[in-house]
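The basis for the numbers below is simple: all heavy atoms, side chains too, and nothing from hydrogens, waters or symmetry mates.
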Protein chains: 2
Amino acid sequence: MTVRHRRGDVVARAIAVLDERGLEDWSMRRLAADLGVRPSALYHHFPGKDALLAAVADELLARGRRPAEVVTWESELRLVCVELRDAMRSHRDAAEVIAAAHARGVGAQEPQRRMEAALLRAGADPDLARVGANTLLHFAFAHVADDPSDFTLGLGIVLDGLAARIDVR
Amino acid sequence: MTVRHRRGDVVARAIAVLDERGLEDWSMRRLAADLGVRPSALYHHFPGKDALLAAVADELLARGRRPAEVVTWESELRLVCVELRDAMRSHRDAAEVIAAAHARGVGAQEPQRRMEAALLRAGADPDLARVGANTLLHFAFAHVADDPSDFTLGLGIVLDGLAARIDVR
DNA sequence: ACCTGAACACCGTTCAAGT
DNA sequence: ACCTGAACACCGTTCAAGT
């Protein structure tokens, strides 16, 4: 008699193990044990550890999305950054998981695309939109641990710099 | 007959192994083999892997420092960011090593302190100096892989935002 | 001061085979 | 579709002992 899971079960349990143990102590073997399954069984659902953690990152971001009515481009950028920040604070070591997936180009790509699009709509030229989105994204990555007020202050600094460059053209 | 090394030899060889194999394949055991020594010998020089890699990070930053005559606070901040960027590009995976050491609070603390001091001298209040230094530091971390022109553009965005907040007070 | 020898408690991944 | 069993090639770290 064997235990049987679906892909979604595995991701959900992976997040639970993350909360219980932290990323440092997260392993394919630990997750398998937690699921009551042999390590090799995980490779039926995912090609490897990186892919599994990328799926975790995407799931955390998806959970954090909220329907939004957005008026100005600045408020849209703020919203994406705050959503991202909240996703990164939603579970233990979520920030590392999301940043790592993004760095490998294997997940967590959506926030960047949304911000780049918003900047283009605002009238930024393609270079500025790309660099600006990247700057904001990494700003959010870097300041997960800050006070909300520090986060807002830093975000304002970057947005002011962007606004100055958009108005000038 | 045994091979004998000093702390500095170990760090230098650690950097060489990083260049040859990359961080992914860097291990205490691999470094030990490279030095012609048993893994346990490394624990005579360093308490563990994290401490050894923190020493690597500090060495890479120290190598990248150049004597500078600086006039404006903006040019000083630019200089620190460029030095940091250069250190992060000086060897394979140097960026990850430096960022990880900084994140653990175990090394690579100097650039941040220099930038905070520069901002204070420029007349920023303590909160702005702290947050600004952090923002710039993580900006540099985040944009190692960018074109020099993208790096300069993004840096300008952040510096403009800072300048606006310093002038206003 | 610097190193060996030997062990402990782990890893990620592969693959033939089972149901 | 999902899992087992068994193996391969690794990890970081500790510690008594050697020179």
Side-chain angles (χ1 to χ4, degrees), chain A residues 1-57 59 92-93 96-97 99-101 103-107, chain B residues 1-57 59 92-93 96-97 99-101 103-107:
Chain A
M1 193 66 351
T2 62
V3 195
R4 304 197 131 222
H5 309 88
R6 299 221 222 66
R7 212 186 119 102
D9 305 334
V10 176
V11 171
R13 203 83 205 97
I15 294 172
V17 173
L18 206 57
D19 277 328
E20 288 156 15
R21 311 279 195 168
L23 184 57
E24 192 99 330
D25 289 344
W26 192 100
S27 68
M28 296 294 272
R29 284 173 181 271
R30 186 96 71 178
L31 173 60
D34 223 83
L35 285 164
V37 121
R38 301 273 136 154
S40 52
L42 297 176
Y43 292 81
H44 175 76
H45 301 283
F46 297 93
K49 183 181 182 176
D50 286 353
L52 208 164
L53 285 177
V56 167
E59 172 64 19
R92 166 127 85 127
D93 292 340
E96 281 80 3
V97 174
R104 289 167 196 267
V106 76
Chain B
M1 193 67 351
T2 62
V3 194
R4 305 196 129 225
H5 308 88
R6 299 219 222 66
R7 213 185 119 101
D9 304 335
V10 177
V11 171
R13 203 81 206 99
I15 294 171
V17 172
L18 206 58
D19 277 328
E20 287 156 17
R21 312 278 194 169
L23 184 57
E24 192 99 331
D25 290 343
W26 192 100
S27 69
M28 296 292 273
R29 285 172 180 273
R30 184 97 70 179
L31 173 59
D34 222 83
L35 285 163
V37 122
R38 300 274 136 151
S40 52
L42 297 176
Y43 292 81
H44 175 77
H45 300 282
F46 298 93
K49 182 181 182 175
D50 286 354
L52 209 164
L53 285 177
V56 167
E59 171 65 18
R92 168 128 82 130
D93 292 341
E96 281 81 3
V97 173
R104 290 167 196 266
V106 77

Q: Quick one: pull up NE2 in A:His5 and CG in A:Leu35 and give me the separation to the nearest 0.5 Å.
A: 4.5 Å

**Q.** Spacing between A:Arg30 atom CZ and C:dC10 atom C1', to the nearest angstrom
**A.** 9 Å

Q) When you compare C:dA9 with D:dA9, how far apart are their P atoms, in angstrom units rounded to a whole number? A) 23 Å

For residues 11-25 of chain B, run the donor-acceptor check on the side chains, cut-off 3.5 Å, and write out each pair with its distance to 0.1 Å, sequence neighbours left out.
{"residue": "B:Arg13", "atom": "NE", "partner": "B:Asp34", "partner atom": "OD2", "Å": "2.9"}
{"residue": "B:Arg13", "atom": "NH2", "partner": "B:Asp34", "partner atom": "OD2", "Å": "2.7"}
{"residue": "B:Asp19", "atom": "OD1", "partner": "B:Arg92", "partner atom": "N", "Å": "3.1"}

Q: Round to the nearest Å and state the distance from B:Glu24 atom CD to D:dA9 atom C1'.
A: 16 Å

Q.
Suppose we screen for side chain to side chain contact (heavy atoms under 4.5 Å, CB included). Which residues come up paired with A:Ala32, at least two apart in sequence or across chains?
A. A:Val37, A:Pro39, A:Leu42

Q. Phosphate oxygens OP1/OP2 of C:dA1: is one of them under 4.0 Å from a side-chain N or O of B:His45?
A. no

Q. Rounded to the nearest Å, what distance is computed from the CH2 atom of residue A:Trp26 to the C1' atom of nucleotide C:dG12?
A. 11 Å

Q.
Once side-chain hydrogen bond (donor to acceptor under 3.5 Å, both in side chains) is applied, what residue pairs with a partner in residues 43-56 of chain A remain, sequence neighbours excluded?
A. A:Asp50-A:Arg104

Q | DNA chain D base-pair string [pairs: Watson-Crick or G-U under 3.5 Å; |: paired with another strand] | A | ||.|||||...|||||.||

Q | Side-chain N or O of B:His5 closer than 4.0 Å to phosphate OP1/OP2 of C:dA1 | A | no

Q | Per-nucleotide protein contact string for nucleotides 13-19 of chain D, where B marks a base within reach and S marks sugar-phosphate only (heavy atoms under 4.0 Å, - for neither) | A | BBB----

Q) To the nearest 0.5 Å, how far apart are CH2 in B:Trp26 and CG in B:Leu53? A) 4.5 Å

Q: Calculate the interatomic distance between A:Leu42 atom CG and D:dT4 atom P; express it in whole Å.
A: 10 Å

Q.
With a cut-off of less than 4.0 Å, is there a side-chain N or O of B:His44 near OP1 or OP2 of C:dT4?
A. no

Q. Excluding sequence neighbours, so at least two apart, what forms salt bridge (charged side-chain N to carboxylate O under 4.0 Å, His left out) with B:Arg30?
A. none

Q) What integer distance in Å separates A:Leu23:CG from C:dG12:C1'? A) 15 Å

